[in-house]
Amino acid sequence: MTVVHRTPGPSRRGVLRTALATAAAMSAPLAGFTSGVAHAADDPATSVHRSRHIGALSDQSAVRTLALGDTRLTYVVDAAMELDPAGFLPAVPASYWRDHPEALTGSGRIAASAGGVLVERGGRRLLIDVGLGGNVLPASLGTSRGGALLSTLRALRVPPASVDTVAFTHLHTDHTGLGFVRDRDHVPRKAFPRADYLVAGAEWVPFWRGDVPVGAPSWDGFMVPMSRASRRFADGAEVWPGVTALITPGHSPGHTTYVVGASAGRRILVFGDAFHTPALLTHPEWPSGPDTDVAGVLKARTKLLSQLLAPRTYGFGFHFGDQAFGRAVRDRAGVVRWHPVPARELLPAPIRLP
């Protein structure tokens, strides 16, 4: 996404629940999940009943957690965004939004949170992406407000120093916003001081050369300190135990999907911005405005859909309203749709837009 850089705002702990309540929620048992083929007998749009474990597509995401056997994933929400349908997704016909009012907020925009995915297993912690921070969307693309990532982690009782790895799907500012924070001398330092910072080499090189101005992070606030702190990887690399990088270029030059393996043969694909909203799973031919390579996007989505439709496979979409965790399924007509799965709410959305 294209964003304007701003100095990060103050934390918003007042809108979060207490850490004690959060810890109690995290310790409660999660809803069970069964493996099955990626086919739904009914249209998921009508067969899924919203509950406290499944939110609305038209709402900002709560801080939700999903357990797959030995692996827990938590959406650590940092920001609230509302995307302008025509400005951000100009390829989507206006008739689509008229026919799917459930996909839009009351203001007629697309609810799209930003943040990081915390992966926990065996006492270790991986964080995929770090939210919007103090950046904002240009008015032509929508409206936004961020900066809650570290407050959300504190409420979850997750010290930044306990995260051992930070991996980036891509280097747009709504995914890199809180990678670095400034100390008392205004020098950028890692927000997660003990973590290895990882990014695909295919993503890093074009941004470092300045070949991708659209959506690029701050040069002094992110790129320069990142050049000193990060390690690069190639397609297929195991970036963390049981987590493999799948390079899916198109939205950006080295856009990366992370395939998180879990017990019993299950896995979840954290697919970054390959899909911005569930409509794009049904219509992968509809690109987004910030995509750098439209043909590459279609190729990447085709590859991802073939994997998402496989048995025991789940997906995670950063900007999918309050339905970030789900599965790609085929309805009776053979149409691919997003089917949200139950994910326990630990905290309400930390930031709301006016």
Side-chain angles (χ1 to χ4, degrees), residues 26 30-36 38 61 63-77 113-131 153 156 158 162-170 175 192 195-200 203 231 233-248 254-275 281 300-301 303-320 323-329 338-344 346:
M26 291 185 72
L30 296 171
F33 297 94
T34 58
S35 62
S61 183
V63 177
R64 294 186 181 275
T65 192
L66 174 69
L68 294 175
D70 61 349
T71 304
R72 180 188 294 269
L73 295 94
T74 303
Y75 191 11
V76 184
V77 179
S113 300
V117 181
L118 182 68
V119 184
E120 298 176 281
R121 182 196 299 126
R124 297 191 58 180
R125 286 170 169 158
L126 160 71
L127 186 64
I128 301 174
D129 289 347
V130 292
L153 285 169
L156 295 174
V158 176
S162 71
V163 176
D164 60 71
T165 305
V166 174
F168 295 93
T169 60
H170 61 298
H175 294 259
F192 302 89
D196 291 328
Y197 278 34
L198 308 179
V199 65
E203 181 76 356
R231 292 191 293 109
F233 57 80
D235 186 36
E238 185 178 56
V239 299
W240 197 75
V243 178
T244 303
L246 176 65
I247 307 298
T248 47
H255 181 279
T256 304
T257 294
Y258 292 100
V259 183
V260 181
S263 58
R266 288 172 291 188
R267 60 181 186 159
I268 183 166
L269 275 61
V270 179
F271 49 72
D273 280 3
F275 303 97
L281 279 82
R301 289 176 179 173
K303 177 191 293 187
L304 285 170
L305 285 171
S306 69
Q307 297 214 22
L308 286 167
L309 288 164
R312 299 173 183 254
T313 300
Y314 301 83
F316 176 88
F318 282 94
H319 307 315
F320 279 32
Q323 297 182 350
F325 293 100
R327 301 188 66 190
V329 300
W338 182 249
H339 189 137
V341 298
R344 184 174 294 278
L346 302 180

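Just the heavy atoms: all of them, side chains too, but no hydrogens, waters or symmetry mates, feed the values below.
For R267, the side chain to side chain donor-acceptor pair (under 3.5 Å) partners two or more places apart in sequence, or in a different chain, are Q307, T313. Taking R124 as the reference, D164, T165, W240, P241 meet the side-chain contact (heavy atoms from CB on, under 4.5 Å) condition, with sequence neighbours excluded. In this view, T256 satisfies the side chain to side chain donor-acceptor pair (under 3.5 Å) rule with no residue, not counting sequence neighbours. Shown here are the salt bridge (Lys or Arg N to Asp or Glu O under 4.0 Å) partners of D235, two or more places apart in sequence or in another chain: there are none. In this structure F325 satisfies the ring pair (Phe, Tyr, Trp, His ring centres under 6.0 Å) test together with F316, sequence neighbours excluded. Listed by chain and number, the residues in a ring pair (Phe, Tyr, Trp, His ring centres under 6.0 Å) with F192 amount to none (sequence neighbours excluded). Shown here are the salt bridge (Lys or Arg N to Asp or Glu O under 4.0 Å) partners of R125, two or more places apart in sequence or in another chain: E120.
Formation of a donor-acceptor pair under 3.5 Å by the Y258 side chain with backbone atoms of I268 is not found in this model. For the pair R64 (side chain) and A343 (backbone), a donor-acceptor distance under 3.5 Å is present. Within the 3.5 Å criterion, the main-chain N or O of G317 finds no donor-acceptor partner in the side chain of W338. Although no hydrogens or angles enter the test, the distance criterion places no donor-acceptor pair under 3.5 Å between the side chain of H175 and the main chain of G131. Put simply, the side chain of R301 never gets that close to the backbone of F275: no donor and acceptor are under 3.5 Å apart. Side chain of D129 to main chain of T169: a donor-acceptor pair is present (N/O by atom type, distance under 3.5 Å, no hydrogens or angles). Put simply, the side chain of S113 never gets that close to the backbone of V77: no donor and acceptor are under 3.5 Å apart.
Residues L66 and P342 come closest through the heavy atom pair CD1-O, 3.6 Å. The nearest pair of heavy atoms linking S263 to G69 is OG-CA, 3.2 Å. Nearest heavy atoms, T71 versus G261: OG1-O, 3.7 Å. G254 approaches A200 most closely through the heavy-atom pair O-CB, 3.7 Å. Closest approach of A328 to L309, counting heavy atoms only: O-CD2, 3.5 Å. Taking each heavy atom of L304 and A274 in turn, the nearest pair found is CD1-CB, 3.4 Å.
Residues Y314 and V260 form no side-chain contact, since every pair of their non-hydrogen atoms from C-beta on lies 4.5 Å or further apart.
Distance check: H339 NE2 to R327 CZ gives 9.0 Å after rounding to the nearest 0.5 Å. A distance of 10.0 Å separates CG in L68 from CZ in R121, rounded to the nearest 0.5 Å. Between atom CZ of residue F271 and atom OG1 of residue T248 there is a gap of 10.5 Å, rounded to the nearest 0.5 Å. To the nearest 0.5 Å, atom CG of residue L73 and atom CG of residue L118 are 8.0 Å apart. A distance of 8.5 Å separates NZ in K303 from CD1 in I247, rounded to the nearest 0.5 Å. From F320, atom CZ reaches atom OG of S61 across 12.0 Å, with rounding to the nearest 0.5 Å.
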*Criterion side chain to side chain donor-acceptor pair (under 3.5 Å) on T65 and R344, from CA distance to verdict*: CA-CA 5 Å; T65 192; R344 184 174 294 278; over 6 Å; no
*Show your working on side-chain contact (heavy atoms from CB on, under 4.5 Å) between Y75 and L346 and close with a plain yes or no.*
CA-CA 10 Å; Y75 191 11; L346 302 180; over 6 Å; no
*Go through the steps for Y197 and V199 under the test side-chain contact (heavy atoms from CB on, under 4.5 Å), then give the verdict.*
CA-CA 7 Å; Y197 278 34; V199 65; over 6 Å; no
